[in-house]
Every structure is written in C-alpha cells, then in structure tokens.
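What follows is a set of notes on a single structure, which appears directly below.
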Amino acid sequence: MVETKMTKISIQDLTIHFGNVTALKNLNLDIYSNEIFTIIGPANSGKSSLLQSLNRLNDLNAAYRKSGKIVMDGKDIDDLDVESLRKRVSIVFALPFPLPLSIFDNIAYGPRMHGIKNKTKLIKIVEKGLREAYLWDEVKDRLHTPAMNLSGGQQQRLCIARILAVEPEVIMFDEPTSGLDPISTARVEETMRVLKERYTIILVTNNVAQAARVGDRTAFLLMGELVELDETKQLFTSARDKRTDDYITGKFG
Amino acid sequence: MSIVIVALIFAFLLKEGLSIFWRVPISDFLFARNWYPISDPPQFGILPLIIGSILVTAGAGIISIPIGIASALFIAEIAPRKTKEVLKAGIELLAAIPSVVIGFIGMVTLGPFIKEIFNLSTGLTALSGSITLAFMAMPTIVSIAEDAITAVPRQYREAAIAMGATKWQTTWRIVAYAARPGMVAAVMLGIGRVIGETMAVMMVTGNAALIPHSILQPVRTLTATIAAEMGETVQGGEHYAALFAIGIVLFIITFLINGIADIYLHKAKK
C-alpha cells in the first residue's frame, strides 16, 4: 500500500508530564486521514494520556504539562477553540456511559448543545447516527425508553452514535471493548471498519489481537516511548524490535 | 423504635385534639376565618394561621431555593478546593445557629429595616418571617443539594465535555439534570424545616391571627400559635384541644413533605 496518504494529525516532539511523572517522551508520529491507527502497549505506557492530549481533555488536569506540538490539518490544536476541537476530535471511553436520558435524547444531546433546535432535523440526525453505529434496527421502536436499559454492547454503540451526531472528523476509541462480550466486540469492530471510510479512527487497545484484526497501522508504546510504528501486518509478522515481538507474542504485558 | 414513637406521638395528638371536632366541624375548623379562642363564644377557625404558614413558607422558599441551589452548584462544581472547604464549614456553622438567635437578629435588624424601606407601621411582617426562615432553610438545601451534585458520576461530565460542551453547559444540562431528584429532596427537607420552625417566626412575624392581604402585613403561623397560647389554656379544655388539633394539621403537613422528599431521595439513589 503505497498510496499517498493525507496527514490528519501530526504529533511533533510531544512530551507529557503529570506532576513528576513522565507519561510520554519525545513522541513523533503522523496519523493519516481515513485510517484505523491503533496504539498498543501495556498499562502505563502513555496510550490514554496521548488520546486525552489530542482533544485537550488533559487540560482539565491541574498537574498536566506538555511540550511539543500537536498539529491537526496544519493548525496547532492549542490555537483552536477548545470546545470546537473536542467536537472535531471526539472520544469513546472504555466503559459506555449513557447519559440518564432516553435513547433519542442521548444522541440529540450533542447537536442540541451546539444549537440545533429544529425537531425534524434532530430526528434525522439521530437516525443517521444510529444507522452509522449499527444500532438503528435494534432500537428504532423504543427510542424514547431510557438508554440505561440497553445491553453493554448496545450502550457502547449508543455512545458511538452520540459522537457521530456531532459530526466529528476524528474518533478516538479508548479500549472500547474491554467491558464487552465477544459478539458485541465483533459488532463494535465492524462498526469501526465502516466508519473509517469517512472518519479518521484512533484505537487504543489492550487487546493485541484486536489491533491485528482492525488496525491499518499500529504503534507500540512502552513506558511513554514509541518503540515501533508500522503497517499492522508488518508489525505483527516481522517486528523489528525485540520488545515489540515479546509483547505481541505475550511474553509480557 | 422510632416508628413506634412517631405512632405514639400521633396517637397522643389525636387523643388530645380530636375532641374539638365534637364542637367544631372539621370544615369550620380548617376554613373558618376567625381565630378568637378566648372570646365568648370562642371561634376556632385556623384558616388565617394556615395562610400565615403558607405565606411565610412560600416566601422563604422563593428566596432560599434559587440561592440555595445556585450556591450548591457553585460549591460542588466551580469553587476551588480550598474555597469549597471554607464555604462548607460556613454553611454547617449557619445550620448550627439556634433559631432563637436568628429570630432575635431578625427582630432587631431586619424588622426596623423593612419598616423603614416600605414605610410601614411595623416591620414584623410575613416578609420578615420569610427572609429569616430563608436563612434557616438555606443550610439544609445547600448541603443536601451539594451532596447530590457531587454524587453525579464523573463519567457524565467527561462524556459531555468530550462532546464539546462548555463548563456551563455541562453543569447546567448534565450535572444539574442528573442531580435533580436529590435537589428536589433538598428543597423539600428545607421547606419541611421552615414549616416546623417556631421560635424565629414567632419573634419576627408580628403574630396577628388575621388573613393578610399582602406580605407586608403581620401574620401568625400554626406553630407560633401553639407555642404562644399553650401556656394560657386550661388542660383538657376546648382551647387546649384546638391547639392539639393544630398540631395534628402540622403533623400531617410535615409528614406529606417528608414523604415527598423521601420518594425523591430514593429516586436519587437509583
């Protein structure tokens, strides 16, 4: 695959500290448009810290300090309005967390917040979001029941639909299937594969096999450092670094 | 145990108070407009007292609910940690002031102030009572509402913020929404405290058992009536029974309010 790829996000010399703890060291990497970029690595390797820097959720943490630059579409994200950045770069958390509202209102929440009031428009947005997250057929008859009644896998897809409704450009998944059963996991992975046609997807996962299944390119982080970054197939068949090989074959982790 | 005690109290109230209804029908007792318990013949209409209680309580609610909820939101969501601790301690301190002291302060400072502002013949009015009682309801409302807000799962906030919500949108549309049952319970308990309050209202409302035409007139509440007149009655007499019947009415009102608060507290726990 040597097609020309558009760089969506460019991370340049990124170092992150939380107080005295270094979470990431001199990270340099580019994420392309319309790819599934997976990040693997053991706990505390800086995966989630990286995600939370990309939409500046880390800014809420008082101990957070960073150096280096994160550039999206040619612009430093620190120069962007933080709310609109978070709208463009959205995140799906490990545990699905529906708001205490109905299914419909959960998804309409974002658009409403961003100022869309028109009822028919909202109905369209909700349906589109649910269809894209492959949830529509399962919930179309009970849109006004509480979202808490859905199963875990459905809730996770609801969270995806909720994010799609605000029309992001980048969707980050932070271990999205760690709390799900294999069938729900397969559904969510399938959803990701379809979504990459229109969005840029960053997937952080503890599950090495999942990275191998869905990732286009995979980065291996260890103790805050980028050990290796390659096409997923390449990385999983012939890793150049011994540590990568040990990790993906399960010698530690 | 406590249920038994409550039941016994209620039974005692009934025993002492029900005899009044042999002489005065319930509807007259509740809705007649005159309370002249020691004239001849005595008149036992508690409507002015009920209206007095409702007026003072509603006024206190209008003042204390918005301020209380806003303070709770501020303390729980916005205030930095140190400010938060100071404010919480302050509110607990406010709750610890004896009602007589609040009533006293209301009488000597608030009364003359209101008299001056509205150019009245007396400053001891329903409005003074409302303001005084608002002070007493506030600590309850703030501390319980603050607990409810703090108990909203962090993930709700994260989810909202990650979708590009501002701090204000998150606080208002998500946190306040999720904490709603707890906030209703807080308001109900605050109001419950206000209705049952005796000493402070007695000192600042002017104690005239008349149906008021505005909040700038003196009123007398159910509680104040019992406290003020119980010492002058003949035990077992009609007046004595009437006061106990007022107690029954109060008991039922507070019971209902606490019941509503309870329902919402349970909802909040779910």
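So you know, we letter chains A, B, ... as the sequences are listed, proteins then strands, and number each from 1.
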For this session: Could you check A:Ile91, A:Leu57, A:Asp59 and say which one makes a side chain to side chain contact (heavy atoms under 4.5 Å, CB included) with B:Ile161?
Result: A:Leu57
More than 12 non-hydrogen atoms from neighbouring residues, nucleotides or ligands closer than 6.0 Å to [atom1] on [X], yes or no?
X: B:Ile3; atom1: CD1; value: no
X: A:Glu167; atom1: CD; value: no
X: A:Asn44; atom1: CG; value: no
X: B:Phe135; atom1: CZ; value: no

Got a second to check how far [X]'s [atom1] is from [Y]'s [atom2], nearest 0.5 Å?
X: B:Glu158; Y: A:Phe97; atom1: CD; atom2: CZ; value: 9.5 Å
X: B:Arg157; Y: A:Leu60; atom1: CZ; atom2: CG; value: 12.0 Å
X: B:Tyr156; Y: A:Leu101; atom1: OH; atom2: CG; value: 8.5 Å
X: B:Thr166; Y: A:Met113; atom1: OG1; atom2: CE; value: 7.5 Å

Exercise. A:Lys87, A:Arg112, A:Arg162: which one forms the most heavy-atom pairs within less than 4.5 Å of chain B?
Worked result: A:Arg162
Problem set entry | Residue part contacting chain B, namely of A:Pro168, when any heavy atom lies under 4.5 Å | neither
Exercise. Is a donor on one side and an acceptor on the other found under 3.5 Å between the side chain of A:His114 and the backbone of B:Met163?
Worked result: yes
Exercise. Can you tell which of B:Ala159, B:Pro153, B:Ala162 has the highest number of heavy-atom pairs within less than 4.5 Å of chain A?
Worked result: B:Ala162
For this session: List the steps, then state whether side chain to side chain contact (heavy atoms under 4.5 Å, CB included) holds for B:Tyr177 with A:Leu99.
Result: CA-CA 10 Å; B:Tyr177 185 88; A:Leu99 302 171; over 6 Å; no
